[in-house]
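All remarks here apply to the structure that follows.
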Number of protein chains: 2
Amino acid sequence: MDATPGLRKTLIEAALKLLEAGGAEPSLRSVAREAGVSAMAPYRHFADKAALLSSVASYGFVILRDALAAADRKPEARQALFAQGMAFIDFARANPALFRLMYSHEYGRADTDAVRGSYEVLAKRVAGITPKHAVAATLACRAMAQGLATIELSGRLGPATSEDVAVALRLLVAGLSSSMPRVAAVKRRRRHSSAMR
Amino acid sequence: MDATPGLRKTLIEAALKLLEAGGAEPSLRSVAREAGVSAMAPYRHFADKAALLSSVASYGFVILRDALAAADRKPEARQALFAQGMAFIDFARANPALFRLMYSHEYGRADTDAVRGSYEVLAKRVAGITPKHAVAATLACRAMAQGLATIELSGRLGPATSEDVAVALRLLVAGLSSSMPRVAAVKRRRRHSSAMR
DNA sequence: GTTCCGTTGTTTACGGTGTAAACAGCATAC
DNA sequence: GTATGCTGTTTACACCGTAAACAACGGAAC
């Protein structure tokens, strides 16, 4: 709440810098070095390495949420949805290492206002287009955007190009309009596998 | 080609065992320990740790390709496509750590017959459904399946459930039928951003 | 058979990592 | 003044990936 203690913010910035410079997750010691401080100093502000990198990830979600919200300001609904998807993918292209961190298994567990906020921006937009299966459709959009971004960053597009990424996204957005009778059928006679986790 | 030298296979199996047991990437030394061999022994069979874990990932792709090919054997095309997607997601559910390894940035760079084979199984099926935008549609299916699996494994489904995962997948499959006039329009007046990478 | 050599595995060693523990400076409260 | 709590430091330890030198052994050449 109060003014950040200084070193805390410095460490996050140092970690971010090393992250995008090196491409991979920086070591705690290298972050401390970059910040011009002893190896143990970070422990005064973060419980452990995971806490530091998770804070970096949380910072990334703030940027991402704002980008999504800005992209969403479009007159036509489907146009806004597509723009959100492209903004997501462009964020990943512009900050590949940060993006990977944010969606990594060990450091991407942030549950902040920004994370929830970005979900809300998408969910609201989807609900205006596909009110019938809003939750599933929102999930589909998330999965598509995250999948496309991840695949492009990993360099495994295969025969596809960066243009095909946009086309693939539009395929989903365009498909969300249909009434989807089969989907409704599936949901009605839903199976016994309710609580797997 | 010839019978695997023994230790090589033993190491891969040990790594796989530790991987699924511990959830996270095992250390080279722990794999050697598990195989009952000295810490340096793996270097006689693998250039480094990445080579060992990449071999584990390649093994995973063999299993995955077979599962996809089996799921694809369905009378109706869209049914087969949906089954492939669910088989992909079920593979991730059954082998979460292996799945993450296979699609990780550092170890998932395999380019084997199995990787290409699994792509072919999908591409052929998609081409029979959406011949017009086959490459982009194949990419869309890959992204959706990978995105859904990743999101579910990360426990970030949000308000969605495991059932919604299936619904989301079906949303895409059902949407692939439409003629998509907008997509064609986009592709025709394509922009100047051809080679970004 | 003896010699030679390539393969496979071992021991030892080094620099890097995450982090626990003990300590030092320094501001503020009394 | 003294005491206390916060912030940073030094030291220490177990673990990691891997380079280098060495030992055992099995087959090929003679």
Side-chain angles (χ1 to χ4, degrees), chain A residues 1-58 97-98 100-102 104-110, chain B residues 1-58 97-98 100-102 104-110:
Chain A
M1 288 301 173
D2 52 358
T4 324
L7 184 51
R8 183 186 168 89
K9 191 199 255 192
T10 303
L11 286 168
I12 291 179
E13 285 166 357
L16 193 56
K17 176 179 170 185
L18 291 179
L19 179 70
E20 285 298 358
E25 158 200 332
S27 72
L28 225 197
R29 293 168 100 111
S30 71
V31 173
R33 231 175 285 135
E34 173 74 23
V37 94
S38 80
M40 297 301 292
Y43 285 94
R44 291 294 157 195
H45 301 272
F46 302 95
D48 52 15
K49 181 187 179 179
L52 204 192
L53 292 188
S54 294
S55 292
V56 175
S58 294
L98 178 57
R100 275 194 291 266
L101 182 78
M102 290 162 63
S104 73
H105 188 58
E106 44 273 335
Y107 306 120
R109 303 224 149 285
Chain B
M1 288 301 173
D2 50 358
T4 324
L7 184 53
R8 183 185 169 89
K9 191 199 257 192
T10 303
L11 287 167
I12 291 179
E13 285 166 358
L16 194 55
K17 177 180 170 184
L18 292 178
L19 180 70
E20 285 299 358
E25 157 200 333
S27 73
L28 225 197
R29 293 168 100 111
S30 71
V31 173
R33 231 175 286 135
E34 173 73 24
V37 94
S38 81
M40 297 301 292
Y43 285 95
R44 292 292 158 198
H45 301 274
F46 301 95
D48 53 15
K49 180 186 181 181
L52 203 192
L53 292 188
S54 294
S55 292
V56 175
S58 295
L98 177 59
R100 275 194 291 265
L101 182 78
M102 290 162 62
S104 74
H105 189 56
E106 44 272 334
Y107 306 119
R109 304 225 150 284

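Side chains included, hydrogens not; waters and symmetry mates left out as well; all remaining heavy atoms used. Letters go in sequence order (proteins before strands), and every chain restarts at 1.
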Those residues that, when tested against A/Ser30, pass side-chain hydrogen bond (donor to acceptor under 3.5 Å, both in side chains) (two or more places apart): A/Ser27

Got a list of protein N/O to nucleotides 20-25 of chain D N/O distances below 3.5 Å?
none

Atom pair distance, as rounded to whole Å: CG in B/Leu52 and C1' in D/dT18: 14 Å

Interface residues of residues 24-33 of chain A with DNA chain C (non-hydrogen, below 4.0 angstrom): A/Ser27, A/Leu28, A/Arg29, A/Arg33

Distance in angstrom units between A/Glu106 CD and C/dG18 P, rounded: 13 Å

Closest to the A/Leu7 side chain, choosing from D/dG8, C/dG18, D/dT18: D/dG8

Distance, nearest 0.5 Å, that separates OG of A/Ser38 from CZ of A/Arg29: 10.0 Å

Distance, rounded to the nearest Å, where B/Lys49 contributes NZ and D/dT18 contributes C1': 12 Å

B/Glu106 CD to B/Glu25 CD distance, which is reported to the nearest 0.5 Å: 6.5 Å

Spacing of A/Arg109 atom CZ and A/Ser104 atom OG [to the nearest 0.5 Å]: 8.5 Å

Tell me which donor-acceptor pairs under 3.5 Å the side chains of residues 13-24 of chain A have, and how far apart each pair is, sequence neighbours excluded?
unit_1, atom_1, unit_2, atom_2, d
A/Lys17, NZ, A/Glu34, OE2, 3.0
A/Glu20, OE2, A/Leu98, N, 3.1

Pairing residues for A/Arg44 by the side-chain hydrogen bond (donor to acceptor under 3.5 Å, both in side chains) criterion, not counting sequence neighbours: none

Set of side chain to side chain contact (heavy atoms under 4.5 Å, CB included) partners for B/Ser54, sequence neighbours left out: B/Tyr107

Value in whole Å for how far the C1' atom of C/dA13 lies from OH of B/Tyr43: 14 Å

Side-chain heavy-atom pair B/Arg8, B/Ser55 within 4.5 angstrom cut-off: yes

Any A/His45 side-chain N or O less than 4.0 Å from OP1/OP2 of D/dC6: no

Spacing between A/Leu11 atom CG and D/dG8 atom C1', to the nearest angstrom: 12 Å

